[in-house]
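So the structure is just underneath, and the comments pick up after that.
Note that the structure is predicted; figures quoted are calculated from it, not measured.
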Amino acid sequence: MREFGYERAHDVPGAVALLGADPDARPLGGGTNLVDLMKSGVERPGFLVDVRELPLDHIESTPEGGLRIGATVTNSDLAAHPEVRRRYPALAQAVLAGASGQLRNMATVGGNLLQRTRCGYFTDLSKPCNKRSPGSGCSAIEGEHHNHAILGATDHCVAIHPSDMGVALAAFDAVVTYETVDGPGELPLADFYLPVGDTPHLETALPPGALITGVVLPPVLFATVSRYRKVRERASYAFAIGSIAAAVDVEDGVVREARIAFGAVASRPWRARAAERALTGGPVSAEAFAAAADAELAAARPLPHNGYKVTLLRNLVVAVLTELTEEAAR
């Protein structure tokens, strides 16, 4: 591990000043991803700014009827919060599916958004990886890629984003707020993660030296009946091989609006907008749900060993939407 400086920040302006003064500085929350990558030599920051004591550990209602979630709220506190569980149950379910209890007690909302891929080639310094070493190549394309991307990937990178929480946030149009030395800013989650393109090492649209301060969830009234479903290779703590966050608004057997996002299929949480458009105004039926899934997955470009994800996601869409519409009808 490279030697690094360390300072604990006690207020947001102080943290932003430290991050803005050193291009090699990184914020440190729970450290459940960053510290692991530092130990392996993948991450090599020269300075860490400890942000755990910043006053960003609250969850509160917004005047519009949504929720504002502070960046240092732990995953455990997020999943247990009564308003999260009531208004956005898919978010609570996603967080609980995402890690062991010990990790949830340490991991923070801001850190979850910034976590990096678990691709084995990214964490293996002996292998080429464009995300870790731009221009070196993508080992996964010709190597082990059974859990890699089927949507939005390029010849430069086929890694997936590992967050469960981010999938639910994507479905509900979350907005990420941040502070820099030049003042506050915000990014819709849809714009927060950059497309892979030919620069997979550039992962977010955050300005240099920015500190994530929180996430704002707009009001989505029908999100009270929502669900997160995760498929993994073992029942215990494991990263997804496919997941879905969904909510649907139905009236008189017709879908008025739907929110769907996929996980473990792209370099970022994948908002399934084609599926949403296909569902809107259509009937509640397994056939309609399958057709909506097909509309989204028509853009899939699987590799030789991960084509099963197309069938997996199609089945998840049908199963979860069927459960949701039956629950809403009761």
(request) To the nearest 0.5 angstrom, please state how far the CZ atom of F122 sits from the SG atom of C157. (result)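 Atom-to-atom, F122:CZ and C157:SG are 9.5 Å apart.
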
(request) Apply side-chain contact (heavy atoms from CB on, under 4.5 Å) to T74 and R52, showing your working. (result) CA-CA 10 Å; T74 67; R52 283 301 291 263; 3.8 Å; yes

(message) Applying side-chain contact (heavy atoms from CB on, under 4.5 Å) to I59 and L78, what does each step give before you reach the verdict?
(response) CA-CA 8 Å; I59 299 174; L78 177 63; 4.0 Å; yes

(message) Pair T213, T177 - check side-chain hydrogen bond (donor to acceptor under 3.5 Å, both in side chains), show working.
(response) CA-CA 6 Å; T213 54; T177 61; 2.9 Å; yes

(message) Against L313, only a single residue in V265, V231, L151 fulfils side-chain contact (heavy atoms from CB on, under 4.5 Å); can you say which?
(response)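 Between L313 and the candidates, side-chain contact (heavy atoms from CB on, under 4.5 Å) is satisfied uniquely by V265.
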
(message) Looking at G137, is its backbone amide N or carbonyl O close enough to the side chain of N130 to form a donor-acceptor pair, meaning the two atoms are under 3.5 Å apart?
(response)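 A pair under 3.5 Å: yes.
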
(request) Please answer whether the main-chain N or O of R229 pairs with a side-chain N or O of Q93 as donor and acceptor at a distance below 3.5 Å. (result)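 No: the side chain of Q93 does not pair with the backbone of R229.
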
(message) Let's go through R277 and R273 carefully: what are the C-alpha distance in whole Å and the side-chain angles of both, what is the deciding distance for side-chain contact (heavy atoms from CB on, under 4.5 Å) to 0.1 Å, and is it a yes or a no?
(response) CA-CA 6 Å; R277 289 192 296 270; R273 297 192 183 276; 3.7 Å; yes

(message) Please enumerate all residues that pass ring-ring contact (aromatic ring centres under 6.0 Å, His included) together with H148, with sequence neighbours excluded.
(response)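 Applying ring-ring contact (aromatic ring centres under 6.0 Å, His included) to H148 gives none.
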
Side chains of residues 25-34: which donor-acceptor partners sit under 3.5 Å, not counting sequence neighbours?
unit_1 : atom_1 : unit_2 : atom_2 : d
R26    : NH1    : E43    : OE1    : 2.8
R26    : NH1    : E43    : OE2    : 3.3
N33    : OD1    : R116   : N      : 2.9

(message) Applying a strict under-4.5 Å side-chain criterion to I, L, V, M, F, W and Y, I'd like to know whether L279 and V320 cluster together.
(response)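 L279 and V320: one cluster.
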
(message) I need the minimum non-hydrogen distance between G66 and T62, along with the two atoms involved.
(response)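 Heavy atoms of G66 and T62 come nearest at N-OG1, 2.8 Å.
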
Distance-only donor-acceptor pairs under 3.5 Å for side chains of residues 162-176, two or more places apart:
unit_1 : atom_1 : unit_2 : atom_2 : d
S163   : OG     : N112   : OD1    : 2.6
S163   : OG     : M165   : N      : 3.3
S163   : OG     : G166   : N      : 2.8
D164   : OD1    : Y228   : OH     : 2.4
D164   : OD2    : K230   : NZ     : 3.2
D173   : OD1    : R271   : NH1    : 2.6
D173   : OD2    : R259   : NH1    : 3.2

